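So the structure is just underneath, and the comments pick up after that.
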Protein chains: 2
Amino acid sequence: MAPKIKDVAKQAGVSVTTVSRVLNGEKYVKDDLKARVKRAIDELGYAPSHIARSLVRKKTNLIGVIVPDLTSSFYSTILSSIEETASLNDYNLLVCNIIEDTDKEFKYLNVFNEMRVDGIIIMHEKLNDEIRAFLNKLDIPIIFSSVRPSDQTFLSVIIDDYAAAFDATHYLIELGHQRIGFIGGDMRDVTSGQNRYIGYRGALSERNIPIVDEYIRFGDYKIQSGYNLMKEILACGTHPTAIFAVSDDMAVGAMNCVHDHQLKVPDDISIIGFDGSQLTELVRPQLSSMEQPIQDMGKVTVETLLDLISGDAETPKEDIILKHKLVVRNSCGPYREDK
Amino acid sequence: MAPKIKDVAKQAGVSVTTVSRVLNGEKYVKDDLKARVKRAIDELGYAPSHIARSLVRKKTNLIGVIVPDLTSSFYSTILSSIEETASLNDYNLLVCNIIEDTDKEFKYLNVFNEMRVDGIIIMHEKLNDEIRAFLNKLDIPIIFSSVRPSDQTFLSVIIDDYAAAFDATHYLIELGHQRIGFIGGDMRDVTSGQNRYIGYRGALSERNIPIVDEYIRFGDYKIQSGYNLMKEILACGTHPTAIFAVSDDMAVGAMNCVHDHQLKVPDDISIIGFDGSQLTELVRPQLSSMEQPIQDMGKVTVETLLDLISGDAETPKEDIILKHKLVVRNSCGPYREDK
DNA sequence: TTGAAAGCGCTAACAG
DNA sequence: CTGTTAGCGCTTTCAA
């Protein structure tokens, strides 16, 4: 059995209180006692039980994180940033990978509650009623990262998805494209689904470019989905000369589809992605993308959550909007007459 | 403050023991009491404290996981599988992303210890002396996944890296290639560094194909590294007609480099990767790869660790070797005279 | 400066 | 079947 504080006390010939004091770096301990305690700790290889500490301190230094898909380049990167920031602040991550599995999510939320985690980070916005109700009853600070659920009860760290989608589409228009297709997300998602779609339409409307329903498809943000939707779009009579996909994954899927149809990106079809994931630099041609500040998003999410946890007065009441940024690589070219 | 078991007991007019009993699904509780307790739990929105339970049960249902790089396709996939299996068995994951940061790893290992996690999964093999010593003193079950550290103290779930590398190289030879380059890993790593290298050499030797040092480079498994090493190899007078890269990431980097030099895969150079990560199907041409059973590896790792934790007699004393598998896609072609 | 003792929220003998 | 009670390993008054 691992040694306990009592064993250390005995070994050092002091009371447990004194041991506790040196453990917690308190001042009022004479140097010689402190030294004896430290030696005893070393000799016994003692490590304080975080469990016992949590019980009395009512603080676990645990953050529960709900990720939609660990294997996605976007989420794994943001998670990595979350982990880094948490670690820097002496917090640890309990991660749950829910793959569209609502039951699993609910179960984990319950576990987080029982674990008495200090805070919860959620990275998807498809909350069902059961979960929404549960979340509202929970008195654990909750923050959403990269998404905002439809009700405004919780704080979110996001970008302005409407503006970002608008700007991405605008970029394609500026390149001279008129037939611009849209590979969208889930319209049940406000931020990544609806807002990006509206932004796309907004940019076209502003220039009086007709909106062609045939060029517009919705999927699930994944590569395969991008591939399939692109296939449908290519089946249109005169297909678009440019595509705006609302995730890099979908954009890559679309690129692959174009490739498999013996067409060239960007010569035949320009494609712009969204997110700024690692994929952008990994594919050929490299993917231009409307990028979210992924690293920063993770960092800000954790820092804001920690403020929420510590009950800091300065904690923002409104969503935190980070800046998006167009990063041009090689997947978009000017419109060419002959195509 | 969240309600405690005592509150439930009072509300239901029973003792805390009875509440504890229905909480733990014990038999000897009369139905009417059971019903009253359940109602009280609902009314109060009571959730038992995992902290308190852990303290008395001496079991946390926590598994600490050390991942070298969360954003890597290989590790995020295996982590995803680990998470799934753990969740199925009511275990939760504490994840630590160490990015070649030994201090962070040491710190986390200490945290795992203080948290009294029930088991630890480690996915890298570069243990320094300090960490090795710490691990040996720890009396928490530890298992290595996808790697095996040089000393045999701990159990590993791996493939036969020598055989896999041999087979991959052999495949290229069968395609008629004689000038076969090698993009390797870190030679301090026994499994993914040394064994794969020896396997490569073994396959060449078997056919009496001379080993050309110029065609052999070592890196860090990442895309950028593969890119850079390929660049060096292409700078050789007569460059190889085929490349074996010991990670899919490096293989993709090499492919990109070939592409950026206006050469074609596989027409000019064949490339085979290693791992079987998601990247293989995402790039064009799709990458042939010597695949590890990633999903299964995560699953087996957790299941074996759980056996270790429960002290099952059947727990294997020797490393668990899973089967590798060559998956042919479009990145390797037959040797052509004209190239 | 130091220590004794109460208690964090729960489980598990041990009685009844 | 049900309740009393003693801890689990630590922090924290409160006294000394």
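Below, chains carry the letters A, B, ... as their sequence lines are ordered, and counting in each starts from 1. Quick note: numbers below take in every heavy atom, side chains included, and nothing from hydrogens, waters or symmetry partners. For clarity, every value in this text was computed on a predicted model and none was experimentally measured.
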Is A/Asp90 paired with B/Lys107 through a side-chain N to carboxylate O contact shorter than 4.0 Å? yes
Picking from C/dT11, D/dT11, D/dT2, which would you name as closest to the side chain of B/Thr18? D/dT2
With hydrogens left out and only the distance checked, is there a donor-acceptor pair under 3.5 Å joining A/Arg116's side chain and the base of C/dG9? no
Given D/dT2, C/dT11, D/dT11, identify the nucleotide with an atom nearest to the side chain of B/Arg53. C/dT11
Find the bend of the helix from C/dT1-D/dA16 to C/dG16-D/dC1 as the angle between its two terminal axes (five pairs each), to the nearest 10°. 40°
Which nucleotide, D/dC1, C/dC10, D/dC10, lies nearest any side-chain atom of A/Val56? D/dC10
Quick one: sort the B/Phe144 and B/Phe154 rings into parallel, tilted or perpendicular, breaks at 30° and 60°. tilted
Within 6.0 angstrom of A/Lys38 NZ, more than 12 heavy atoms from elsewhere: no
Distance-only polar pair, side chains of A/Gln295 and A/Thr77, donor-acceptor under 3.5 Å: no
Determine, for A/Glu83 against B/Lys104, whether the closest basic-nitrogen to carboxylate-oxygen distance falls under 4.0 angstrom. yes
Is there a side-chain contact (heavy atoms from CB on, under 4.5 Å) between B/Thr60 and B/Met115 once you walk through the steps? CA-CA 8 Å; B/Thr60 54; B/Met115 290 264 194; over 6 Å; no
Touch class at under 4.0 angstrom, heavy-atom based, for B/Ile51 against every strand present: nothing
Nucleotide nearest B/Ser15 when distance is taken to its side chain, options D/dG3, D/dC8, D/dG9: D/dG3
If you compare every side-chain N and O of B/Tyr46 against the phosphate oxygens of C/dC10 (OP1, OP2), does one of them come in below 4.0 Å? yes
Output the single nucleotide from C/dG3, D/dG9, C/dC10 whose closest atom is nearest the side chain of B/Lys4. C/dC10
Proximal nucleotide (of C/dG9, D/dC10, D/dT2) relative to the B/Ser49 side chain: C/dG9
Going by an N to O cut-off under 4.0 Å, is there a salt bridge joining B/Asp32 and B/Lys30? no
From D/dT2, C/dA5, C/dC10, pick the nucleotide closest to the side chain of A/Val16? C/dA5
Between A/Lys58 and C/dG9, is there a contact of a side-chain N or O with OP1 or OP2 at under 4.0 Å? yes
Between C/dA4 and A/Thr17, counting only base atoms on the nucleotide and side-chain atoms on the residue, is there a donor-acceptor pair under 3.5 Å? yes
